[in-house]
Amino acid sequence: MIRTLVVDDEPIIRKGILNLLNRLDDEVVVVGDCGTVKEALILAKNCKPDLLFLDINLTDGTGFDFLNKVKDRNFNIIFITAHEEFALKAIKQGALDYILKPIDEEELASVIKKAVSVHASHLNERLKVLNSHLEGNSTQIVLRLYDSFQIIRLDELVFCQSDAGYTTFHLTDKRNFTVSKSIKEYEKLLPDDRFLRTHQSYIVNLDFVDRYEKGGALYLKGEISIPVAIRKKEALLKRLF
Amino acid sequence: MRFSHFFARFFDPRFVDKSLGTVQELIMLKKNADAARELTEFSRLLRLALEPIAELDRPANIQYTNINNTGPVRLGKLDINPNFVFNAITVIQSLILDQDPRAIEYLDKFSSLMQEVLRSADKTLISLEKELRIVQNYISLQLVRFDNSFQYFVKVSKGLQVKQILVPRLVLQAIIERCIELGTRKLRNGMIHVDICLAEKDLLCMVSFNGKPIRLDQPEHTALNDFTKIAKQRMTALDRESWSINCAALDHDELYGQNITLQMRSLHK
């Protein structure tokens, strides 16, 4: 049994989500629903949910406000969002799950399945990352790997390389991690004052640049050569010199 | 192949009409689950179409083409807040699943709003009549969404030739959107009052409302969805000197509290 709490400030949409959850699976039991941060805090404490669907915009604040105030988090979170660039970026950075409105039945089933398979204790670490990003001083991102969540400190990330929908993260200590997401997603996540997409398949950390050769080759410390797309050359030179 | 096909058709208002028409038929046939699914599919295509094409993860063997060859289809093409659009679709989905009779009415309004916006996409000026129709539809959709938590009045002064007067497209709509999203939606007894009249050579649109104060100079309001910036972009049909937008808090007026005034030289067909 998955005890589920639904937090969304629009009554009609909330009803719709309940409707979808009810027709979905016997496993899911909705233990409460509400539309404000205040109510959500009370319900989260008293209903002991395992899973929480959380909207970004709430009547008296945001879903993030709720997360900052709630004590003893023993539940997983799935954000529900319509199309908010900023919020989505923050959520992705913390590798938390989200579902887009309007909700697709199949997608709903699959995020629930995924959420319950991950233990809630992993969540605190990821929420920390989310918060640091919301406060605008993000120093790390979380990668969702097959069997773990890997924290990557941005000052250890040298470059990212993509290959057919996969992205590999290369770190200073020579370790690398591959995730099954496109490099485009990470271009949005990584702070653009430090990272630059020099090529369709490469994002580099500008702190690690060693030299730029006139012929158009970029070298990172440790003689790593990185391709630079012609149309990115100008942007790169502007940022470097 | 399939996708290019959709892109080409998507921004055709007739496609919106047809697609949402199918949803409507399914509701009529009481096939609500199918209707909801059809709507989710529509929304998925819309989301794809709204993303700049270059940003999409596209398999190499699919070619994306745009019907007019005017470059990638962009968000700006829709000119209406995607947050609103997807929330509205979610409301329709919820009403359908709940077998709420309002579903058809809401769907109708949403469909005509989308079509009206798409049909005028290449214009910078539209008749005041059309703009008012868009605003009316927009407000009534938001009213369902927020459970009739606010009231609104639109007053157009007598003798104003709404068919002849031209206004920059979707500027009044953007003002109303700000009022609802930042102000009245969080209240139980919200009020929006729109007053349109002529003052000598100028057209005046005064929007009064209550709710959280909107200050155009506050970064938190401007950063998220900069409505003055949007307004400016949409006002390009007019010289910079011939229009202005002002925002004022009316301390003495408890009912409305705030006021946004759009003043512009009146244009005629």
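In what follows, every heavy atom counts, from backbone to side chain, and hydrogens, waters and symmetry copies are set aside. Lettering follows sequence order; numbering is per chain, from 1.
- The greatest number of non-hydrogen atom pairs below 4.5 Å with chain B, out of A:Asp9, A:Asp104, A:Ile17, A:Leu100, is found for A:Leu100.
- Within the 4.5 angstrom heavy-atom criterion, only side-chain atoms of B:Asp147, from C-beta onward, approach chain A.
- Separation of atoms CD1 (B:Ile96) and CG (A:Asn19) is listed at 11.5 Å; rounding is to 0.5 Å.
- In A:Lys232, the NZ atom is crowded: over 12 heavy atoms of neighbouring residues, nucleotides or ligands sit closer than 6.0 Å.
- Residue A:Pro102 comes nearest to B:Thr40 through the heavy atom pair O-CG2, 4.2 Å, listed as atom of the first residue, atom of the second, then distance.
- Other residues, nucleotides and ligands contribute at most 12 non-hydrogen atoms within 6.0 Å of the CG atom of A:Asp163.
- Shown here is B:Leu29, whose CG atom has more than 12 heavy atoms of other residues, nucleotides or ligands within 6.0 Å.
- Counting heavy atoms from C-beta outward, A:Arg23 and B:Leu97 have side chains that approach closer than 4.5 Å.
- Of the atoms belonging to A:Ile80, not a single heavy atom falls under 4.5 Å from chain B.
- Here OG1 of B:Thr90 is found 8.0 Å from CD of A:Glu10. Values are rounded to the nearest 0.5 Å.
- Looking at heavy atoms from C-beta onward, A:Lys101 lies out of side-chain contact with B:Ile89 at the 4.5 angstrom threshold.
- Between B:Arg102 and A:Ile12 there is a side-chain heavy-atom pair separated by less than 4.5 Å.
- Across all their heavy atoms, B:Gln93 and A:Leu20 have their closest contact at NE2-CD1, 4.1 Å.
- Enclosure of atom CD in A:Glu107 by more than 12 non-hydrogen atoms of other residues, nucleotides or ligands within 6.0 angstrom is indicated.
- Rounded to the nearest 0.5 angstrom, B:Ser43 OG and A:Ile103 CD1 are separated by 11.0 Å.
- One distance of note links CD1 of A:Ile13 with CZ of B:Arg145; it measures 6.0 Å at 0.5 Å rounding.
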